[in-house]
Amino acid sequence: MSLEISNLDVSIEGIKILRDINLTIPTGKMAGLIGHNGAGKTTLIRAIMGLLPPDKGSITFKGEDITRLPSHRRANMRISYMPEDRRLIPELTVTENMLMPAWANKIRDGEERLKWVYSLMPEIADFGERKALQLSGGQQKLVALGRALIPGREMILLDEPFEGVAPVLAKRLSAVIADLRGEGLTVLIAESDDSHSADLVDATWRIERGAVSQGRRDTSESSGLTDY
Ligand code: ATP
């Protein structure tokens, strides 16, 4: 198992946001995390990244307990996330933005990983020397995905990657995410509905008011509980 979350509770400013979360993703599989705005998707992703301390419960990654591990150590374990907002540094070039997490986390093979990301998304390489502020919103989204992939060589958590993205670009994002399967990555895709992730994921988890349950596949072939 790659990610294993057990009985996790998380509070923000004394208010319990996540309750008794149990969720697993096997290595190399993709999972959807589907829930309305405010359901707790971002909070769960931030907890997995070590940006919010849990009240109780555990998070293990590849069998190692990472519940209390600082966020940068999780990056060193090749776990990363793509925030909902793009958070690129506008004045830096695309390549500089891409390499920022490698510098911040002292990743020695950053340049090599950059080449790997550029091979997955050649269109980013084409505007590598442009400043981030010169890109369209959609192009910035691709760069944000690429930037997250540099530290996230093993597991990547995508917070509403399709939000506000035009259909053509959503298709391209889907194709890149689908390609990650061939690269062996474990992937979590948070979405408010499963319109984009349904075709990508191996299993769906529903999140509602801070509680997670395993969802049902809405395809005609299978109406049973999803599993991996
Ligand atoms: P969205 O897409 O709207 O961000 P989400 O499913 O990602 O939805 P979260 O952002 O995780 O949801 O929010 C879950 C709950 O936690 C919401 O009720 C939200 O109001 C609350 N919350 C999030 N951050 C804070 C904060 N800093 N202080 C207080 N409450 C917060």
Side-chain angles (χ1 to χ4, degrees), residues 3-25 30-59 61 66-72 74-75 79-88 101 137-138 140-145 147-149 151-152 155-167 169-170 173-174 176-177 186-218 226:
L3 180 71
E4 204 158 3
I5 300 175
S6 306
N7 310 112
L8 194 79
D9 278 13
V10 176
S11 299
I12 298 178
E13 290 171 21
I15 302 163
K16 184 130 342 230
I17 305 291
L18 301 181
R19 294 161 199 282
D20 201 31
I21 304 284
N22 290 283
L23 181 152
T24 56
I25 316 179
M30 294 202 192
L33 178 68
I34 311 300
H36 298 301
N37 287 349
K41 303 181 294 296
T42 301
T43 305
L44 180 54
I45 287 175
R46 288 173 57 79
I48 298 169
M49 286 310 305
L51 300 168
L52 283 173
D55 305 333
K56 72 170 189 64
S58 67
I59 305 172
F61 179 66
I66 61 166
T67 316
R68 305 281 158 200
L69 206 64
S71 187
H72 69 274
R74 299 183 204 214
I79 306 171
S80 178
Y81 87 119
M82 174 184 171
E84 193 177 348
D85 51 353
R86 297 176 292 266
R87 288 196 213 152
L88 299 181
Q140 289 189 28
K141 203 89 175 181
L142 281 178
V143 174
L145 173 60
R147 183 185 53 178
L149 282 168
M155 182 167 78
I156 189 160
L157 315 167
L158 306 174
D159 196 354
E160 306 207 30
F162 301 102
E163 184 65 26
V165 170
L169 197 96
L173 264 177
S174 279
V176 175
I177 295 168
T186 304
V187 182
L188 179 76
I189 308 171
E191 260 203 300
S192 53
D193 60 56
D194 66 358
S195 53
H196 292 96
S197 61
D199 291 339
L200 291 166
V201 300
D202 301 290
T204 298
W205 300 82
R206 304 265 165 202
I207 182 162
E208 207 176 329
R209 276 177 262 128
V212 159
S213 57
Q214 198 155 20
R216 285 172 186 276
R217 222 184 250 289
D218 295 318
T226 47

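Ligands are counted one by one from 1 in listed order, and the atoms in each one are counted from 1 as well.
For ligand 1, the 4.0 Å heavy-atom shell contains residues Ile12, Ile17, His36, Asn37, Gly38, Ala39, Gly40, Lys41, Thr42, Thr43, Glu84, Glu160.
In this structure, CG in Leu8 is found 6.5 Å from CG in Leu18, a value given to the nearest 0.5 Å. Once rounded to the nearest 0.5 Å, the distance linking OG of Ser80 with CE of Met155 reads 9.5 Å. Between the CE atom of Met82 and the CD1 atom of Ile189 there is a distance of 11.0 Å, given to the nearest 0.5 Å.
No side-chain heavy atom of Thr42 sits less than 4.5 Å from a side-chain heavy atom of Leu44.
Ser197 and Glu191 share a donor-acceptor pair across their side chains, judged by distance under 3.5 Å alone.
For the pair Asp9 and Lys16, the salt-bridge criterion is met [side-chain N within less than 4.0 Å of a carboxylate O].
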